[in-house]
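Reviewing the structure listed below.
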Amino acid sequence: MSRKSPKSYHVKSFGCQMNVYDGERMAELLDAQGLSPAKDADAADLVVLNTCHIREKAAEKVYSDIGRLVKGKGGDKPMIAVAGCVAQAEGAEIPKRARDVDIVVGPQAYHKLPDLVAKAARGENALDTDMPAASKFGALPKRAKPAPSAFLTVQEGCDKFCTYCVVPYTRGAEVSRPWDAIVDEAKALVDAGAKEITLLGQNVNAWQSEDEAGRTQRLDGLIRALDRIEGLARIRYTTSHPSDMTGELIAAHGEFEKLMPYLHLPVQSGSDPILKAMNRSHSAASYLAILDHVRQARPDIAISGDFIVGFPGESEADFDATLEIVRAAKYAHAFSFKYSPRPGTPAAEMGDEFVPAEIADERLQRLQALLNEQQLAFNRKTVGKTTQLLLERDGRKPGQKIGKSPWLQSVHVETDAPIGSLIDVDIVSAGPNSLGGAIPAKAAA
Ligand code: 5AD
Ligand code: SF4
């Protein structure tokens with residue numbers, strides 16, 4: 001059955017920052033087709049659900065969202081596209097399970113979204129989960145309206161095959177975007193107003209390419225090139241794997257002022273037998289040695305991590321080792337999750353060793369209590385400092401703005417300075433999740 005071509009769209013992204021980036025690029029594609037952004041999903045003719053498959057709960061969200069969209073519209077349902085990693089993993093199963101889905105498009109095929117929308121409008125089958133050799137990036141429009149802090153995907157996919165993780169299956173093998181394409185996109189972002197660029201990749205520090213002179217460059221070389229872009233004030237990168245944390249990249253943290261003092265370096269567990277079962281290729285000690293080197297290069301660096309509790313076979317002693325590595329590492333921020341078996345991954349086959357849910361819940365609570373304590377301690381240590389903020393959005397109170405510190409903390413401050421400004425503030429208070437800032441007396445006078 002054919003239907004009206006959509007005139008407005010809404011993209012809703014779940015999961016990681018790579019999905020946020022993909023969501024922005026899909027919005028730019030639809031803008032270029034003459035569609036306009038709707039204020040929310042209910043007002044849109046086309047809703048793109050850009051999904052995450054990393055844990056079961058995240059993957060199931062898409063189905064409850066589809067149900068809500070269809071009900072909310074009272075018969076006049078929007079065109080629904082499922083994009084992202086659930087689309088890649090479940091493909092043609094999605095429209096079988098949720099008949100209201102019109103389009104299924106994987107993370108390597110979304111440059112074809114406009115064609116798929118046209119197909120769906122004609123009532124044709126609109127599914128594309130190809131992982132073509134040619135990159136989608138060349139087919140995307142130029143970056144036009146970035147936020148002051150913009151994402152730039154430089155690397156996709158993963159060859160590490162941690163035994164719990166779906167990413168090597170949903171995002172495919174590790175692929176680095178070429179040097180020129182990245183430098184051009186960074187310049188376009190800065191020309192369009194971005195002040196900060198976060199280089200993104202599932203294994204961003206595995207990125208590698210030849211530069212314009214044919215020399216092989218790694219992430220430290222790319223950071224050096226971006227450091228020279230006038231108008232770009234801040235550089236970040238995420239997510240890194242400990243095995244790709246080269247000496248040169250560590251040294252870059254001491255060398256480039258624009259490279260912000262923040263490193264997201266997941267460890268997952270502090271127990272060597274569990275790390276081995278996860279196929280992590282590092283030990284607790286080798287991870288801590290990396291942190292030591294990074295802190296030598298940049299003593300004030302904020303360290304962030306990811307943790308999984310309740311991995312199959314995790315004993316109380318294994319979990320204690322995780323608490324121990326947290327105490328040794330002193331995190332500024334961290335994400336922690338209960339292990340979720342993912343179809344097709346090796347760990348999902350270790351059923352006889354699964355940790356009972358109550359035990360995993362209890363461990364997660366203990367871990368999070370410790371991580372929250374560390375986060376608050378880190379935030380409190382910044383009270384009394386004068387630091388630079390990049391203003392990113394309006395706060396809830398009139399005149400209030402929210403910006404990010406170099407250590408990626410959210411800081412609330414009253415100021416007339418416009419969004420996108422870099423301003424100095426005194427940090428005057430600290431909570432677990434945000435800080436209070438004030439314009440220094442000298443600057444205010
Ligand atoms: N179960 C729980 N957490 C997971 N992660 C990845 N796969 C799983 C899983 N199956 C976590 C890891 C990773 C982060 C993005 O998500 O901590 O670093
Ligand atoms: Fe989720 Fe991983 Fe896909 Fe990102 S790459 S959307 S975290 S499954």
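Counting starts at 1 for both ligands and their atoms, in listed order.
Note: no N/O pair closer than 3.5 Å links Y339 and ligand 1 by distance alone. Every N/O-N/O distance between R342 and ligand 1 stays at or above 3.5 Å.
At least one cation-pi condition fails for R224 and F256: the charged atom is not both under 6.0 angstrom from the six-membered ring centre and inside a 45 degree cone around its axis.
Checking W407 against N379 by side-chain atom types alone, no donor-acceptor pair falls below 3.5 Å.
Closest heavy-atom approach to atom 13 (C) of ligand 1 within the set V267, D306, T345: this belongs to D306.
Between F307 and Y339, a ring centre-to-centre spacing not shorter than 6.0 Å is recorded.
Close approach to I54 involves these atoms of ligand 1, each under 4.0 Å from a residue heavy atom: 5 (N), 6 (C), 7 (N), 8 (C), 9 (C), 10 (N), 16 (O). The ligand atoms of ligand 1 that sit less than 4.0 angstrom from a heavy atom of R55 are 1 (N), 2 (C), 3 (N), 4 (C), 5 (N), 11 (C), 16 (O). Applying the 4.0 Å criterion to heavy atoms of Q268 picks out, from ligand 1, the atoms 12 (C), 13 (C), 17 (O), 18 (O).
For H10, there are no ring pair (Phe, Tyr, Trp, His ring centres under 6.0 Å) partners at least two apart in sequence or on another chain.
Of all the heavy atoms of F337, the ones lying under 4.0 Å from any atom of ligand 1 belong exclusively to the side chain.
Remark: E156 engages K136 in a salt bridge, criterion side-chain N to carboxylate O under 4.0 Å.
Side-chain atoms of D159 do not come within 3.5 Å of backbone N or O of A173 as any donor-acceptor pair.
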